[in-house]
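Chain identifiers are assigned alphabetically (A, B, ...) following the order of the sequence lines, protein sequences preceding nucleic acid strands; residue numbering begins at 1 within each chain.
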Protein chains: 2
Amino acid sequence: MTLATDDFFKALADPTRLRLLMLLACEGELCVCELTHALTEIQPKVSRHLGLLRTAGLVQDRREGQWIFYRIHPQLPTWMGQVLEQTAQANRKAEPFATDLRKLRSMANRPGKACCA
Amino acid sequence: MTLATDDFFKALADPTRLRLLMLLACEGELCVCELTHALTEIQPKVSRHLGLLRTAGLVQDRREGQWIFYRIHPQLPTWMGQVLEQTAQANRKAEPFATDLRKLRSMANRPGKACCA
DNA sequence: GCCATATATATAGAAAACCGTATATACTAC
DNA sequence: GTAGTATATACGGTTTTCTATATATATGGC
């Protein structure tokens, strides 16, 4: 399943998906509930956009117990990864992708503990 | 008029606009009729998408006689320019943006001569 | 003035994308 | 088995985006 350029940029065209990708690019691997809290969006919305990113081939998922962790797809073409990296760097200061993700993660203390109230 | 990241990627989400930007990134400056022929699309379609790119701030236009030349906006944020460059490079061989643009340009011999039959 | 070329915009309809709500599935602990 | 948490998907409606056709504007040459 090769990822076409058109589909790549279509995937980036939605603000929710873009923020998800920026978070994953910065943090490496996050579960759905962390992403949901970080974006302060409702779960089905986040899940649907993650599903689109997964189907398109931009991200990869991995189950661990009841959590599913997402990350940028390891086999993503180099130049696409660079685009994500550059975008994340350019926007790290300018626009906050998440609302206090660091605090959230320390609270979460996963795996082995519920991370979402 | 600052260009937001969201709007930047929305502009790249359409195949026609993406091909226009790739052509401009490769060739520097092109008039509307060259772009129209290169993409083998109808003129109003190309013109409308160029208008969107202009309004968004991704490209700049310049009139010279009856022709209007477009180029990537010189004041585009550095990282956005890099994204366009990388995308153009990665797709130069893979996907042809244009149908025989070089031949078209030698035929055109502009300015001073009609470039479109 | 008229005619041709180049480009832009307006309009209306079709297609795609996004949304929230509701529901389904999967896992864990008991 | 039941209950609770985490995640995914299905459904229906709204909004956005794209399209093609038609028309308008601008320039150049006569």
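A close approach under 4.0 Å does not occur between any side-chain nitrogen or oxygen of Tyr70(A) and OP1 or OP2 of dA6(D). Listed pair His49(A) / dC19(C) meets the phosphate criterion, a side-chain N or O lying under 4.0 Å from OP1 or OP2. When the side-chain nitrogen and oxygen atoms of Arg62(B) are compared with OP1 and OP2 of dT7(C), none of them lie within a distance under 4.0 Å. When the side-chain nitrogen and oxygen atoms of Lys45(A) are compared with OP1 and OP2 of dT21(C), none of them lie within a distance under 4.0 Å.
Regarding Leu53(B), its CG atom lies at a distance of 16 Å from the P atom of dT7(C), rounded to whole Å. Atoms CG (Leu18(B)) and C1' (dC18(D)) sit 16 Å apart, rounded to a whole Å. One atom, CD of Gln43(B), and another, P of dT7(C), lie 8 Å apart when rounded to the nearest Å. Here dT25(C) presents its C1' atom at 13 Å from CD of Gln66(A), a figure rounded to the nearest Å. Distance CG (Asp14(B)) to P (dT19(D)): 5 Å, rounded to an integer number of Å. Asp61(A) has its CG atom 13 Å from the C1' atom of dA26(C), to the nearest Å. Going from atom CZ of Arg17(A) over to atom P of dA17(C) covers 9 Å, rounded to whole Å. Distance, Glu41(B) CD to dT7(C) C1': 17 Å, rounded to whole Å.
Leu52(A) is not connected to Leu3(A) by any chain of hydrophobic side-chain contacts under 4.5 Å among Ile, Leu, Val, Met, Phe, Trp and Tyr, and they are in different clusters.
Atom NE2 of residue His73(B) and atom CE of residue Met80(B) lie 12.0 Å apart, to the nearest 0.5 angstrom.
For the pair Arg19(B) (side chain) and Leu39(B) (backbone), a donor-acceptor distance under 3.5 Å is present.
With dC19(C), dT7(C), dC18(C) as the candidates, the nucleotide lying closest to the side chain of Thr16(A) is dC19(C). Of the candidates dT9(C), dT7(D), dG20(C), the closest approach to any side-chain atom of Ser47(B) belongs to dT9(C). Listed candidates were dT7(C), dT7(D), dA26(C). Nearest to the side chain of Cys33(B) is dT7(C).
Two residues, Pro44(B) and Arg48(B), neighbour DNA chain D, and the one matched to the more 5' nucleotide by heavy-atom proximity is Arg48(B).
Aromatic ring pairs are classed by plane angle as parallel below 30°, tilted from 30° to 60° and perpendicular above 60°; the pair Phe9(A) and Trp79(A) is tilted.
When heavy atoms are screened at a 4.0 angstrom cut-off, Gly51(B) is found touching no nucleic acid atom at all.
Of the residues listed (Leu20(B), Leu58(B), Leu50(B), Leu23(B)), the one engaging Tyr70(B) in a side chain to side chain contact (heavy atoms under 4.5 Å, CB included) is Leu50(B), and it is the only one.
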